[in-house]
Amino acid sequence: MRKEPAPAAFSDFILLLISAAPKLGLPLEAVLRGAALPPAALGQRGVPIPLSAARYVWSSAERVSGDPLLGLRVAETLDVGTLDVLDYLSRSSASFGDALSRFIRFAPLLADSGVLGLHADSRHARFRHVAPNSVPAVSELLAGMTVLRARAFSGEYLRPVAVRFRHRRRGGRGAYERLFDAPVEFGAPCDELVFRREHLDVPFRAADPRLCEILEAFAQMRLQQPGPVDAPPPAAPSGFAAEVRHALRECIAEGNPNIDNVAERMGVSPRTLQRQLREQGTSHRALLAETRAALMDRYLAGASPSRHTLAAELGYASARSVSRALSRR
């Protein structure tokens, strides 16, 4: 079974905090003390770093600052361009929905520690982040940046229908309500921003299809660079099976990776999905097991979540199913 690389991050993820530190009065020396970072990571983009080091720095920043709302504060201080290619790729997208899709695709340029997904029905669009070991400040940073960038790039006051976080509330509700202007819930199954479905079609003012094409090529090239692992990266899967793997990750994040949901997401019938996978020597069941195994490796690398937690986050029917999967590893 092909296994994905261990969860990884890049120096860009740390540089966000370094950029915001002077505005927030955050003592960087104290924050970075004890972090296992290569020297280049403190001033150069694209430097691979262990995900554990990135989490350490953000957790240290929470502790040193004593600010339970650090993630929201950082989101409000980050100028356009701080996210480098992710910012400019999003800004040049045609619409909010296009920008979210591209962010999901290229988020590993910051860190590859969870599963991002976008699911839309006739009424709502849900932008979800499933990462059981996420630092609360990072979860709130992601949500805050998403909303603030959408407003800045569209010129419209996009207001979520609901905001949900997996962690418990850490500060007063006033700061959350001021930024999101929406009901905020805590202790949810995953981090989630819920928008009205039509918000995905809100156009961005600086939309530029040709620039998007150039930036996507550059971002794809950076994604293919070797990461912080000792072994060489596995060959990227190709063809229809690769698209199914991507759809499976999104459906797992949404809680239902059965073949009907995966086929619907890909715009084909379940029968066509089965036939094309059979022609490539695999099946929905095999790819689902492979994808779950890779995600489980990521979750177990950072902590020891309960069987019930793994069942909820990997789309298993029960904790017993998780136990059976673990016994086969």
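The analysis underlying the following values was restricted to heavy atoms, covering all of them including side chains, and did not include hydrogens, waters or symmetry mates. Model, not experiment: these values are computed from the prediction.
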* Are any non-hydrogen side-chain atoms of P160 and V194 less than 4.5 angstrom apart? -> no

* Structure fact -> side chain to side chain contact (heavy atoms under 4.5 Å, CB included) test vs F195 passes for just one of V147, L200, V161, namely V147

* Between R166 and E192, is the closest basic N to carboxylate O distance under 4.0 Å? -> no

* To do: Identify, with sequence neighbours excluded, every residue that meets salt bridge (charged side-chain N to carboxylate O under 4.0 Å, His left out) alongside R205.
  => none

* Ignoring hydrogens and angles, tell me if any N or O in the side chain of S19 forms a donor-acceptor pair with the backbone of L15 under 3.5 Å. => no

* Asked: What is the distance from atom CG of L109 to atom CD of Q220, rounded to the nearest 0.5 Å?
  -> 9.0 Å

* To do: Verify the distance criterion only: is there a donor paired with an acceptor across the side chains of D191 and S139 at less than 3.5 Å?
  => yes

* Asked: Any idea which heavy atoms bring L78 and L16 closest together, and the distance?
  -> CD2-O, 3.6 Å

* Nearest atoms (heavy-atom pairs only) where L179 meets G144 -> CD2-CA, 4.1 Å

* Asked: Can you tell me if S60 uses its side chain to pair, donor with acceptor, with the backbone of Y56 under 3.5 Å?
  -> no

* Asked: Just how far is it from atom CZ of R105 to atom CG of L118, taken to the nearest 0.5 Å?
  -> 15.0 Å

* Asked: When rounded to the nearest 0.5 angstrom, what is the spacing between CD in E290 and OG1 in T282?
  -> 7.0 Å

* Asked: Going from CZ on R271 to CD1 on I259, what distance comes out if it is rounded to the nearest 0.5 angstrom?
  -> 11.5 Å

* Do R285 and L288 have side chains that get closer than 4.5 Å, going by heavy atoms? -> no

* Going by heavy atoms in the side chains, are Y176 and L69 under 4.5 Å from each other? -> yes

* Are any side-chain N or O atoms of S11 and backbone N or O atoms of V47, one a donor and one an acceptor, separated by less than 3.5 Å? -> yes

* Does any non-hydrogen side-chain atom of C251 lie less than 4.5 Å from one of N256? -> no

* **Nearest heavy-atom neighbours spanning H199 and R159** => CE1-O, 3.6 Å

* Asked: Going hydrophobic residue to hydrophobic residue with side-chain gaps under 4.5 angstrom, can you get from V202 over to Y157?
  -> no

* Asked: With the threshold set at 4.0 Å, does a side-chain nitrogen-carboxylate oxygen contact exist between R73 and E76?
  -> no

* Answer yes or no: is there a side-chain heavy-atom contact under 4.5 Å between L223 and F106? => yes

* Structure fact -> Smallest heavy-atom separation, A99 atom then S90 atom, equals CB-O, 3.8 Å

* For R197 and R123, run side-chain contact (heavy atoms from CB on, under 4.5 Å): C-alpha distance rounded to whole Å, both residues' side-chain angles, the deciding distance at 0.1 Å, then the answer. => CA-CA 5 Å; R197 171 62 180 80; R123 297 183 57 195; 5.6 Å; no

* To do: For E156, check salt bridge (charged side-chain N to carboxylate O under 4.0 Å, His left out) against everything at least two apart and list the hits.
  => none

* Closest approach of P68 to G66 (non-hydrogen atoms, all atoms of both residues) -> CD-O, 3.4 Å

* Measure the spacing between CG of L70 and OG of S65 and express it to the nearest 0.5 Å. => 4.5 Å

* **Sidechain N-carboxylate O distance under 4.0 Å for R222, D12** => yes

* Asked: Between atom CG of N261 and atom CD1 of I252, what is the distance when rounded to the nearest 0.5 Å?
  -> 11.5 Å

* To do: May I ask whether V80 and M145 are part of the same hydrophobic cluster, defined by side-chain heavy atoms of I, L, V, M, F, W, Y residues being less than 4.5 angstrom apart, directly or through others?
  => yes

* Asked: Counting only N and O atoms by type, is there a donor-acceptor contact under 3.5 Å from the side chain of R173 to the main-chain atoms of V184?
  -> yes

* Looking only at non-hydrogen atoms, find the nearest pair between R126 and R128 and report the distance. => CD-NH2, 3.4 Å

* Asked: Hey, does L89 have a side-chain heavy atom less than 4.5 Å from the side chain of L211?
  -> no

* Beyond-backbone contact of H284 with V262, side-chain heavy atoms, under 4.5 angstrom -> yes

* Asked: Would T291 and R245 count as having a side-chain donor-acceptor pair, cut-off 3.5 Å?
  -> no

* Asked: Between D84 and R45, is there a side-chain N and carboxylate O pair less than 4.0 Å apart?
  -> yes

* Quick one: does P270's side chain get under 4.5 Å of E264's, heavy atoms only? -> no

Could you list the donor-acceptor pairs under 3.5 angstrom formed between side-chain atoms of residues 23-40 and any protein atom two or more places apart in sequence or on another chain?
from : atom 1 : to  : atom 2 : distance (Å)
K23  : NZ     : T77 : O      : 2.9
K23  : NZ     : D79 : OD2    : 3.3

* Are there more than 12 heavy atoms of other residues, nucleotides or ligands under 6.0 Å from atom NE2 of H124? -> yes

* Would you please test L287 and S283 for side-chain contact (heavy atoms from CB on, under 4.5 Å) and show each step? => CA-CA 6 Å; L287 293 183; S283 66; over 6 Å; no

* Asked: Parallel, tilted or perpendicular: which fits the ring planes of F186 and H167, with parallel below 30° and perpendicular above 60°?
  -> tilted

* For the pair F204 and R149, evaluate side-chain contact (heavy atoms from CB on, under 4.5 Å) and give the outcome as yes or no after the intermediate values. => CA-CA 10 Å; F204 277 8; R149 290 301 199 262; over 6 Å; no

* side-chain contact (heavy atoms from CB on, under 4.5 Å) evaluation trace for D67 with E62 -> CA-CA 6 Å; D67 184 357; E62 284 187 316; over 6 Å; no

* **is_close_aromatic(F96, F153), centroid dist under 6.0 Å** => no

* Asked: Are any of the side-chain nitrogens in R91 or D208 under 4.0 Å away from the carboxylate oxygens of its partner?
  -> no

* Asked: Is it true that a side-chain atom of S92 and a backbone atom of Y88 form a donor plus acceptor pair closer than 3.5 Å?
  -> yes

